[in-house]
Amino acid sequence: MDVKYQIFVSSTYADLVDERRSVIEAVLNLGHIPVGMEAFQASDDTQWDYIKRRIDDSDYYVLIVAERHGSELKGKSYTQMEYEYAVAQGVPTVAFLLEGGARKTWAAEKVEFEKKAKLERFRKLCEKKLVKYWRNKDDLAGKVAMAISELTRQKPRTGWVRADKLPSKDVLNEIAQLSEERRALQQKVELLSSSERLVIPVDYQWRIRRLSEASIESVLAWDEGKGVKGLLDLFLELDFVLVQDPDVYDLAEHFRDFVAYELEEYEIESVMNEYIKHGQLDRNAVLGKTAAAVSKYHLTDRGKQFLMYATEWRARAENAPASADKS
């Protein structure tokens with residue numbers, strides 16, 4: 001799902017107009033939503049509350065610091081107040097501080113000499129968390145783009161999606177139904193485990209072992225240098241994706257996360273065919289966005305049962321000696 005993140009951009013304004021414009025363009029080029037107060041400064045509690053709400057709504061917070069401390073309230077600048085509030089609310093932050101060499105040549109009219117000491121204290125506060133250093137607006141824009149990409153990978157947030165990209169009501173009902181089925185099956189497993197050992201049917205044992213011994217690499221005839229990603233592990237990873245009747249494009253991102261490589265459509269279909277052979281999935285062709293036929297997959301009742309038995313089998317494999325009987 002294409003997620004867009006809201007990025008709050010904070011800085012003093014008059015001295016960093018061009019730099020802010022470059023940063024906002026960088027955020028837009030990444031497909032995200034920049035938010036900033038620009039020339040707006042809070043002058044009373046009501047306006048400050050508004051700024052805080054905008055920070056609360058944001059997924060990430062970017063701070064740009066040059067040589068101005070900025071307008072103050074009770075001895076503390078608004079940029080510092082915004083930064084401290086974002087940190088306190090747990091919003092992932094990254095501060096971009098003007099580097100030493102650039103500070104020496106920074107235009108005098110953009111420097112608040114009388115507030116040097118306060119600015120230095122603020123810089124030291126920022127350096128206790130994630131900071132980057134910049135030389136000019138182009139350097140700043142590039143580093144902001146890289147930092148945001150890194151933050152979205154390391155600290156994923158809720159973000160925003162188009163309403164037409166959300167799962168349909170039928171899909172949500174299917175997920176809820178599967179969740180209830182899994183809950184009931186888990187209760188059954190726990191009940192049986194408390195009185196007797198759950199017996200995994202022989203045919204399920206055979207299929208579980210076949211998939212545990214097979215790998216994506218063997219199906220696609222890859223060399224061993226790319227590692228070994230088991231078909232059983234992949235199927236268990238995809239359980240909640242499969243109840244949404246995904247097509248190959250829906251599966252592509254999940255395959256990339258699991259395998260760490262971009263797979264072609266035919267490669268994904270080759271892997272999914274292995275699950276169809278074992279009766280865990282059905283497949284039908286539908287018209288995609290380009291009017292071409294696209295494979296769409298559906299989890300069968302046998303596949304749902306397989307999930308229960310395979311989960312139990314793997315738990316026993318992890319907790320028992322290698323030679324123990326898992327049936």
Applying side-chain contact (heavy atoms from CB on, under 4.5 Å) to Arg314 and not counting sequence neighbours gives Asp233, Leu236, Glu318

Open item on the list: For a quick check under 3.5 Å, do Ser10 and Tyr61 share a side-chain donor-acceptor pair by atom type?
Closed with: yes

With sequence neighbours left out, the residues meeting salt bridge (charged side-chain N to carboxylate O under 4.0 Å, His left out) with Lys118 are Glu72

Sidechain N-carboxylate O distance under 4.0 Å for Asp57, Arg54:
no

The ring-ring contact (aromatic ring centres under 6.0 Å, His included) partners of Phe235 (sequence neighbours excluded) come to Tyr275, Phe306

Residue set satisfying salt bridge (charged side-chain N to carboxylate O under 4.0 Å, His left out) with Glu112, at least two apart, ordered chain then number -> Arg68, Lys115

Those residues at least two apart in sequence (or on a different chain) that pass side-chain contact (heavy atoms from CB on, under 4.5 Å) with Glu274 are Val219, Leu231, Lys277

With sequence neighbours left out, the residues meeting ring-ring contact (aromatic ring centres under 6.0 Å, His included) with Trp106 are Trp134

- Task: Can you label the angle between the Phe122 ring and the Tyr83 ring as parallel, tilted or perpendicular, going by 30° and 60°?
- Result: perpendicular

Those residues at least two apart in sequence (or on a different chain) that pass ring-ring contact (aromatic ring centres under 6.0 Å, His included) with Tyr204 are Tyr309

For Asp203, the salt bridge (charged side-chain N to carboxylate O under 4.0 Å, His left out) test, sequence neighbours excluded, returns Arg302

Sorted by chain and residue number, the side-chain contact (heavy atoms from CB on, under 4.5 Å) partners of Arg157 (sequence neighbours excluded) come out as Tyr5, Asp59, Tyr60, Val91, Pro92

Sorted by chain and residue number, the salt bridge (charged side-chain N to carboxylate O under 4.0 Å, His left out) partners of Lys155 (sequence neighbours excluded) come out as none

Residues passing the side chain to side chain donor-acceptor pair (under 3.5 Å) test with Glu269, sequence neighbours excluded, are Ser295

Sorted by chain and residue number, the side-chain contact (heavy atoms from CB on, under 4.5 Å) partners of Glu127 (sequence neighbours excluded) come out as Leu97, Lys124, Val131, Tyr133

